[in-house]
Amino acid sequence: MKKIVLAVPKGRISNDLIPLLEKMDIKIENDFFDSTTRKLYFKTNYKNFEIIRVRSFDVATFVAFGAAQIGVAGNDILHEFQYNEIYSILDLKIGKCRLSVAKTKAEINQTDEQKGHILVATKYKETVINHFAEQGIRAECIKLNGAIELAPKLGICSTIVDLVSTGNTLKENNLVETEVLLNITSRLIVNKIAYKIMNSDITNWVNRFERAINE
Ligand code: PRP
């Protein structure tokens with residue numbers, strides 16, 4: 001049996017993902033739960049099943065390049081990168097949130113169509129450019145990797161595209177959600193070549209994930 005590496009994202013998705021892995025009887029070494037650890041690679045109770053923990057945006061990249069055979073990534077990330085090397089094989093029904101446009105209160109009275117061009121702070125450059133292009137609007141993106149909501153607050157733009165879960169971050173920063181681009185859940189993704197050459201092992205893990213989400 002060849003080794004399978006599962007790439008999981010850092011951050012709040014862990015609250016949903018860890019119980020799912022527990023349901024599958026996967027026990028991860030203790031360091032995984034130590035917030036001060038610098039470790040990125042973790043063993044499990046299965047000799048041939050290891051876990052790497054990376055930034056959510058990098059999960060798809062690690063799987064696309066075959067560094068991990070399987071991974072957990074939101075459809076926002078799959079949409080942004082459009083990797084051909086990946087199958088999105090299963091909706092894990094966790095990590096529910098949405099990718100939305102939000103604007104300052106002053107900005108919502110002005111329609112984008114009137115402008116033909118807007119400046120948007122976001123992590124999701126490709127998704128944003130394509131989304132507005134479909135409406136005939138040229139979006140120029142200020143690419144940020146976090147704290148997107150600060151950009152309008154500090155006056156560098158009036159529109160953002162970012163993840164919304166409870167909506168509290170928008171509220172706290174006086175922003176109004178104006179449009180949902182994508183409804184998001186986490187997906188189990190698989191490297192296409194690994195799926196071919198390790199089909200029975202990977203299928204076995206996919207089935208276990210599927211059983212756990214339907215339990
Ligand atoms: C995400 C997202 C928003 C926030 C939305 O950030 O980028 O800032 O959560 O959640 P809410 O609607 O429940 O307030 P996260 O905290 O994951 O960190 P980040 O800013 O580093 O991306």
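The chain is numbered in sequence order, starting from 1. As the structure lists them, so they are numbered: ligands from 1, and atoms in each ligand from 1.
- Annotation: side chain of Val176 is in contact with side chain of Lys105 (closest heavy-atom distance under 4.5 Å).
- Of all atoms in ligand 1, listed by their number and element, those nearer than 4.0 Å to a heavy atom of Val164 are 12 (O).
- Ring pair Tyr124/Phe57: centre-to-centre distance below 6.0 Å.
- Using a 4.5 Å heavy-atom cutoff, the side chains of Glu126 and Phe81 are not in contact.
- Residue Ala147 has at least one heavy-atom neighbour below 4.0 Å for each of these atoms of ligand 1: 20 (O).
- Here is the list of ligand 1 atoms found below 4.0 Å of a heavy atom in Asn168: 12 (O), 14 (O).
- The protein heavy atom nearest to atom 8 (O) of ligand 1 is Glu149 OE2, 2.9 Å.
- The atoms of ligand 1 that sit less than 4.0 Å from any heavy atom of Gly167 are 11 (P), 12 (O), 13 (O).
- With hydrogens left out, the protein atom closest to atom 22 (O) of ligand 1 is Lys123 NZ, 3.3 Å, a heavy atom.
- Thr169 OG1, 2.4 Å is the protein heavy atom nearest to atom 14 (O) of ligand 1.
- Inspection of the Glu80 and Thr127 side chains reveals an N or O donor paired with an N or O acceptor under 3.5 Å.
- A heavy-atom distance below 4.5 Å is not found between the side chains of Leu6 and Ile52.
- For atom 5 (C) of ligand 1, the nearest protein heavy atom (residue, atom name, distance) is Leu163 O, 3.4 Å.
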- Step-by-step salt bridge (charged side-chain N to carboxylate O under 4.0 Å, His left out) determination, Glu177 to Lys103: CA-CA 7 Å; Glu177 187 176 5; Lys103 293 176 182 287; over 6 Å; no
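- Nearest protein heavy-atom contact of atom 13 (O) of ligand 1 is Thr166 OG1, 2.5 Å.
- Cation-pi contact between Arg138 and Phe132: absent, since separation from the ring centre below 6.0 Å together with deviation from the ring axis within 45° is not met.
- For Gly11, the closest heavy-atom approach to ligand 1 does not fall below 4.0 Å.
- Here's the thing with Leu170: none of its N/O atoms is less than 3.5 angstrom from an N/O atom of ligand 1.
- Remark: minimum distance from atom 17 (O) of ligand 1 to any protein heavy atom is reached at Arg12 NE, 3.9 Å.
- At the top of the distance list for atom 7 (O) of ligand 1, counting protein heavy atoms only, stands Asp162 OD2, 2.8 Å.
- In this structure the side chain of Asn75 reaches within 4.5 angstrom of the side chain of Thr185, judged on heavy atoms.
- A donor and an acceptor atom, one from each side chain of Lys43 and Asn45, are nowhere located under 3.5 Å apart.
- Neither the backbone nor the side chain of Cys97 comes within contact range of ligand 1; no heavy atom lies under 4.0 Å.
- The shortest contact between atom 19 (P) of ligand 1 and any protein heavy atom is with Gly146 CA, 4.3 Å.
- Using cut-offs of 30° and 60° for the angle between ring planes, the Phe49 and Tyr46 rings count as perpendicular.
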